[in-house]
Structure formats: structure tokens, C-alpha cells
Amino acid sequence: MPARRALLGSLVLGAVCLTVARAGDLASPLQAEFQALLDGPLAMLRNVHKVDPLLRLPLALGLAHLVRCAAQARTRSGVDRGVLRVVVTSSVAVLLLVTSVPLWTGQLRQNGWEEIPQAWVDAGRYLDQNADGGTTLLLPGAGFGQQTWGWTIDEPLQGLTDAAWVSRSQVPLAPGPTIRYLDAIQERIADGRGSEQLATMLARSGVSHVLVRRDLDLRSSGAPDQGRVDLAISRTPGLTSVAEFGTSTLGDRSLIEIYQVDDAARRVSAVATDDVETLAGSSEDVLAAVEGGALDADTPTVVLGEQNWPAESADLVGDGYRRVDRGFGSLDAVGPVMSEDEEYRYRRAAHDYPGPEPTEPAYADYGPVVASVVASSSAAYSDSLAAAQPDNAPYNAMDGDPATRWAAAPLLDPVGQWLEIRFDQRVYFPSLTLQTYAPRGSVPASDGCGSPPATRTG
């Protein structure tokens, strides 16, 4: 084969890069050493799947060469060489036609776009003229820029304005505490409850405007329902609608609506050290403390662990930084709070966005007897093939609240699923009551007498 040595070298190099740091089953003998390098000085090379072309190109060319050789091969079975060539060539042609369907049907790129709607152009121009040095927050957050009119992947606003803007995306290029703060805002928007103190906290963060977009592809982008977003905004005082652009498919609602944060904070101010509150926890705890009345909205606050802050004790303690397993590929894949010794479900170097050092995450404590509650799977776990549902965590099977329960992860065979309660000491139960439920849309199993089982005591 022409260029055989170069292609073979590419194949070997790609295979080594993909497997040398592999853990788990069929682990590499050098896994520990190379994993440490990828977690440290070679972190920029962690996405090892990006070396796929080193394997794909030699394999594709090798397959083509194999077909050529097969078509020209001499046969010992008496099959005519011309017939063999026609059979091989026709088979390859059919295979190529079938596998290239997305190419000749125009679906090679998902939901492409020809131009950005004028509403986005007008919104960018408005921010250039009115942002006045402030930052614009895009709501709701979304995994990527995946709109109903096309998938730009990057945010459309990126190339349309020189004003500063921020959004919670799937790949946020920001420090961990900043991401956690954006998550706290996204949480209050996604569930529709808003916050009476949110506008004040946005102003303290340098946010002068909020841009609400109503063109996201909800199924693909992972964005919350637009009705909840609008409800949350209506429940957040201190935001005034100042501009609307375009028309959405949601009744008379505009495609883009820009709100102004009423009480803009000064960009620079000086306060006495004694007037600064200190908080042990994480960045999202500041908003929770203000909402709960434990912290005045106008009081400067420093989260312990931030560099060069001399305080040794905290005025407030928060528990927003918790021991959880997060699925980084989604905005809503955060598992339930874990106990101190509970094992993570993912094998990786980091399980959550970090809080300020040296803060330790809070963990679940089930009391003097129960050590932990785990399950084979759960709709609340971050590795579930859907948005994590906290009310379906394993512990909810025994929390005494009939409105919550444990549910196995969706799209899995329910046969073989299990729930395990681990105890610190030997315990005795005179009886145990097990109550089952049927998810909406399912058909409950029969007990043999024509009626589904609801409660069993034994």
C-alpha cells in the first residue's frame, strides 16, 4: 500500500494516545502515570478523542486498499475475475450510498442557518449604545446556541456586540465559583420562582441588563420552558423592560426582550474592613443568605478562601457547596447530596465545579444509625439519561414524605434494580412496609388477582 509506513505510524500513535491512560476494564499498565500527567501538566491534551483522525484516516485508506486488492485478486474457485470485480465494486458503492445519506439529503450539519435574525442584530446594536460598561446576562442559560431558526452553537450575540455579556453554557470558560453563582441564578429562573433579591445581586455583580431570548430549541439546548422563565422574571422586582425585538412563536411575546437592572451598583467603592461580612461556604451562598435575611443586600461580603483575605473566622456559614456527582455535559445533571464515604458514580479527577479553597463540601448525614442509602440507579443520579430529578433520590424512599420516592433511572430495565440502606450497627425491625407506585403512563403489574399491589407489610 502506498505510504504504508506513515499510515501505520499514524495508526499506532493514535491507538497509544487513546489507550495509554485508560482505567477500568482493560486498563493500561501505565494508566496511573499518564492519568497524573493528563490531570496536571498535560491537561490541555485531556480530550483524547480528538486524536481519532490518527486512526480514522489509516483505517479508511486501508479499507479502500483492501477493496482494490480484493477486486484485482485471482480466484481459485473458478469465479470469473470480471464478475468478482463487479460484485466487490457494486457492494462498496451501495455501502457508500447508504452511509452517506446525510450528505446527499443536506443533513450532514444539524439545523444549519443562513443568516441571524434581525432581532439579534438590533439587540446587539442596542447593547452597544446603552450597556454603558455594564454586563448583560443572557437568560435562560443553554448548553449551546441551538435556536429554532438554526444552530449557531456559539451564542449569536458573540459577533454582534462589543458590550460585555455572560451566560451559563455547557462549556463555561470561568472559574468554579463563578459557574456556581450562575447556576444559582439559573436554578431560580428554571423553576419559575424568581427572587425578590436577584436584581440586587445582579447589580452587585456588575450586571446592568438582562436579555431574555425566546428562540431556543428546548429539546436540544437543555434550556428550561419559556413559560417558567417569563414567570420567574415577573416575580423578580427590580427588572424593567426597556426594549423588545422581533416576534416569537409564543403568542404576542417578542423574540428578544431586554430588561434593565434598576439599581446599578458603583463599579468601584471603598469600605472599612470591619464593615465587610465573611461567609464560609461558596459563592451561591451569598444569594441564599440575602434571600433568607441573614445578610443585608448592601453589605459587602467576602467568601472565605478568596485570596489575600485575612479573616480567620466567618460571620455566616452556608452549605451550598455540597458533595455531589455532577454530569458536566448538561446544565441540570447534578446528583443528590452524598454521604461522607459514599462512592462517586463517575471515575474522574473532578466531580463538581470547585468552591473556594480550602472549603470542604457539606455531605449528607442520615443520623446515628443509617450510614448511606444507595441504589443501582436513580432518576436523581447525574448519570441518568434525562434531567436529574432530586425528588427521586434513593433516600427519598425512607424520608417519610409520601410526595417523594425513589425511582430507577429511565430507559433501564426495572428488573434487577435495587435499593440498599447501609447501617452503622445491627438494627432490628419488627415490620417493614414497602409502598410501590406506578409512573404516569405505565401499566402497573398485577398481583395475580387482577389488581396492582400498592402496599406490602412484612
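Heads up: numbering here begins at 1 and tracks the sequence.
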Cation over ring, Arg323 on Tyr344, under 6.0 Å and within 45°?
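Cation-pi check for Arg323 and Tyr344: passes.
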Residue Glu343 excluded, over 12 heavy atoms near CD under 6.0 Å:
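Not more than 12 within 6.0 Å, no.
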So with a 6.0 Å cut-off around CD of Glu33, is the heavy-atom count from everything else above 12?
yes
Hey, could you give me each pair passing salt bridge (Lys or Arg N to Asp or Glu O under 4.0 Å) that has a residue in residues 385-401? Not counting sequence neighbours.
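Counting only pairs at least two positions apart or across chains, no salt bridge (Lys or Arg N to Asp or Glu O under 4.0 Å) contact touches residues 385-401.
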Does a donor on one side chain sit under 3.5 Å from an acceptor on the other, for [X] and [Y]?
{"X": "Glu277", "Y": "Thr301", "result": "no"}
{"X": "Ser330", "Y": "Asp332", "result": "yes"}
{"X": "Tyr181", "Y": "Ser205", "result": "yes"}
{"X": "Ser254", "Y": "Glu244", "result": "yes"}
{"X": "Trp406", "Y": "Asn392", "result": "no"}
{"X": "Ser377", "Y": "Gln417", "result": "yes"}
{"X": "Ser241", "Y": "Glu257", "result": "yes"}
{"X": "Thr278", "Y": "Asp315", "result": "yes"}

How are the rings of Tyr353 and Phe328 set relative to one another: parallel (under 30°), tilted (30 to 60°) or perpendicular (over 60°)?
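Because their plane-to-plane angle is over 60°, the rings of Tyr353 and Phe328 count as perpendicular.
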side-chain contact (heavy atoms from CB on, under 4.5 Å) between Tyr366 and Tyr395, intermediate numbers included:
CA-CA 9 Å; Tyr366 300 111; Tyr395 173 74; 3.2 Å; yes
Asp298 vs Arg204, test: salt bridge (Lys or Arg N to Asp or Glu O under 4.0 Å). Steps then yes/no.
CA-CA 8 Å; Asp298 297 325; Arg204 288 179 52 156; over 6 Å; no
Out of curiosity, [X] [atom1] to [Y] [atom2], how far, rounded to the nearest 0.5 Å?
{"X": "Ile189", "Y": "Arg168", "atom1": "CD1", "atom2": "CZ", "result": "14.5 Å"}
{"X": "Arg56", "Y": "Leu11", "atom1": "CZ", "atom2": "CG", "result": "13.0 Å"}
{"X": "Leu202", "Y": "Gln197", "atom1": "CG", "atom2": "CD", "result": "11.5 Å"}
{"X": "Gln389", "Y": "Arg405", "atom1": "CD", "atom2": "CZ", "result": "10.0 Å"}
{"X": "Gln226", "Y": "Leu139", "atom1": "CD", "atom2": "CG", "result": "9.5 Å"}
{"X": "Ile233", "Y": "Arg228", "atom1": "CD1", "atom2": "CZ", "result": "15.0 Å"}

Quick one: closest heavy-atom pair of Tyr321 and Pro354, and the distance?
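Heavy atoms of Tyr321 and Pro354 come nearest at OH-CA, 4.1 Å.
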Closest non-hydrogen atom pair between Gln186 and Pro140, with its separation
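Between these two residues, the closest heavy atoms are OE1-C, 4.0 Å.
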Apply salt bridge (Lys or Arg N to Asp or Glu O under 4.0 Å) to the pair Glu187 and Arg193, showing each step before the final yes or no.
CA-CA 9 Å; Glu187 178 183 329; Arg193 60 189 168 104; 3.1 Å; yes
Would Asp183 and Arg188 satisfy salt bridge (Lys or Arg N to Asp or Glu O under 4.0 Å), going step by step from the backbone distance to the final call?
CA-CA 9 Å; Asp183 276 346; Arg188 287 156 175 80; over 6 Å; no
Would you call Arg180 and Asp285 a salt bridge, taking side-chain N to carboxylate O under 4.0 Å as the test?
no
Less than 4.0 angstrom from a charged side-chain N to a carboxylate O is my criterion; do Arg322 and Asp352 meet it?
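Salt bridge absent between Arg322 and Asp352.
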List in chain and number order the residues that pass ring pair (Phe, Tyr, Trp, His ring centres under 6.0 Å) with Phe34, two or more places apart in sequence or in another chain; answer none if no residue qualifies.
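Scan of Phe34 (ring pair (Phe, Tyr, Trp, His ring centres under 6.0 Å), adjacent residues dropped) gives none.
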Test your reading of the model: is there a side-chain donor-acceptor pair from Ser384 to the backbone of Ala380, 3.5 Å cut-off?
no
Using a 4.5 Å cut-off on heavy atoms from C-beta on, say whether the side chain of Gln147 contacts that of Asp217.
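Not in contact.
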Which residue in the set Arg235, Arg213, Arg214 passes salt bridge (charged side-chain N to carboxylate O under 4.0 Å, His left out) when paired with Asp230?
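It is Arg214; the other options fail the test.
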Apply salt bridge (Lys or Arg N to Asp or Glu O under 4.0 Å) to the pair Asp325 and Arg345, showing each step before the final yes or no.
CA-CA 7 Å; Asp325 216 351; Arg345 299 185 64 83; over 6 Å; no
